[in-house]
**Student:** 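Could you have a look at this structure, given as structure tokens, before my questions?
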Number of protein chains: 2
Amino acid sequence: MDTDDELRIDAPHRELLDQILDKWSLSVLNELCERPCRFNELRRAISQVTQKSLTATLRRLERNGVIEREVVSTRPVAVMYRITPLGKTLRHPVDVLLAWASQNMPVIERAREDFDRREEEAHP
Amino acid sequence: MDTDDELRIDAPHRELLDQILDKWSLSVLNELCERPCRFNELRRAISQVTQKSLTATLRRLERNGVIEREVVSTRPVAVMYRITPLGKTLRHPVDVLLAWASQNMPVIERAREDFDRREEEAHP
DNA sequence: CTGGATCCGGTACGATACTG
DNA sequence: CAGTATCGTACCGGATCCAG
């Protein structure tokens with residue numbers, strides 16, 4: 001019943017997913033979908049991210065065109081990040097994925113427990 | 001247009017995505033969606049994967065309940081991997097994601113070029 | 001045939017210090 | 001405020017060798 005269409009993972013796809021689904025990107029997208037944010041706003045909103053990782057994540061997302069960076073020349077400078085139209089289109093696929101994760105989390109956790117228990121029995 | 005529902009990325013979700021969307025998992029899922037495979041079949045089908053990475057990927061996917069491992073006690077032993085019902089349900093979200101990637105790849109590549117060119121102008 | 005064990009180099013990441 | 005620079009660490013994937 002599930003269609004037999006292709007599901008190719010060539011290098012460009014793989015690379016793209018790595019850039020957009022990495023550790024912090026989804027959290028950043030989440031924040032910026034709600035409102036434009038400044039750097040330290042994001043940093044506070046995503047409490048565990050380090051400044052270095054946040055910088056790298058923002059750069060990557062900007063390079064891929066899903067967020068925008070605007071420098072406001074005040075003193076001191078302000079930098080505003082916002083989602084782009086392309087970035088907004090990313091939301092649906094991500095939501096589908098997260099919905100799947102939420103729905104199946106219980107099943108998956110049971111599977112993990114079963115697996116770990118079997119492992120333990122095999123290697124006491 | 002795009003709904004305003006939540007898009008939470010808590011630690012469990014994050015971990016789950018890391019386990020299921022990592023470098024080789026999608027290729028493995030792809031193969032096993034088409035037919036059950038033995039270890040070396042998979043290895044040949046996914047030409048660049050090393051045996052170590054393939055082993056690790058299969059273990060991870062098995063632990064999360066999306067694939068099954070069956071040992072056939074012949075001489076020498078054979079091991080058959082197949083997708084589980086849970087694994088099949090993963091296909092739709094992944095397809096949505098890949099469809100997004102395919103559709104937007106041209107836009108993204110232009111964004112990258114623009115970004116890189118601006119970088120180069122800024123740092124000659 | 002199906003992996004496990006080991007070594008190894010690259011890279012991602014965290015912590016800290018410093019700058020325009 | 002919004003980063004850059006530097007350092008040390010942890011982990012990952014690749015290569016190779018070995019075993020049930």
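Numbered from 1 within each chain, the chains take letters A, B, ... in sequence-line order.
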**Student:** Are OP1 or OP2 of D:dG14 and a side-chain N or O of B:S53 less than 4.0 angstrom apart?
**Tutor:**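 For D:dG14, OP1 or OP2 has a side-chain N or O of B:S53 closer than 4.0 Å.
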**Student:** Could you walk me through whether A:D18 and A:R14 pass the salt bridge (Lys or Arg N to Asp or Glu O under 4.0 Å) test, one step at a time?
**Tutor:** CA-CA 6 Å; A:D18 285 342; A:R14 186 63 261 166; 2.9 Å; yes
**Student:** Below the 4.0 Å mark, does C:dG3 have OP1 or OP2 next to a side-chain nitrogen or oxygen of B:Y81?
**Tutor:**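 B:Y81 to C:dG3 OP1/OP2: side-chain N or O found under 4.0 Å.
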**Student:** Are there over 12 heavy-atom neighbours, none belonging to B:R112, within less than 6.0 Å of that residue's CZ?
**Tutor:**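 Counting neighbours around CZ of B:R112, more than 12 heavy atoms of other residues, nucleotides or ligands fall under 6.0 Å, so yes.
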**Student:** Please report the distance, rounded to the nearest Å, between CG in B:L58 and P in C:dT2.
**Tutor:**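 Roughly 11 Å, once rounded to whole Å.
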**Student:** Where the side chain of A:T50 is defined as all heavy atoms beyond and including C-beta, which of C:dT16, C:dA15, D:dA2 is the nearest nucleotide?
**Tutor:**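 Closest of the options to the side chain of A:T50: C:dA15.
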**Student:** With a 4.0 Å limit, can you tell me whether B:K52 has a side-chain N or O closer than that to the phosphate oxygens OP1/OP2 of D:dC11?
**Tutor:**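 Negative; the distance criterion is not met.
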**Student:** In whole Å, I'd like the distance from the CE atom of A:M80 to the P atom of D:dA2.
**Tutor:**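 It works out to 9 Å between those atoms.
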**Student:** D:dA2 phosphate, OP1 or OP2: any side-chain N/O from A:R38 under 4.0 angstrom?
**Tutor:**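 Yes, because at least one side-chain N or O of A:R38 sits under 4.0 Å from OP1 or OP2 of D:dA2.
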**Student:** For C:dG4, take OP1 and OP2 only and decide whether either is under 4.0 Å from a side-chain N or O of B:R59.
**Tutor:**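 So the side-chain polar atoms of B:R59 do come within 4.0 Å of the phosphate oxygens OP1 or OP2 of C:dG4, strictly under.
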**Student:** Taking only side-chain N and O atoms of B:R69, does any of them lie within less than 4.0 angstrom of OP1 or OP2 on C:dG3?
**Tutor:**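 Yes, because at least one side-chain N or O of B:R69 sits under 4.0 Å from OP1 or OP2 of C:dG3.
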**Student:** Can a donor-acceptor pair under 3.5 Å be found between the side-chain atoms of A:Q48 and the base atoms of C:dG14?
**Tutor:**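 By the distance-only test, no, there is no pair.
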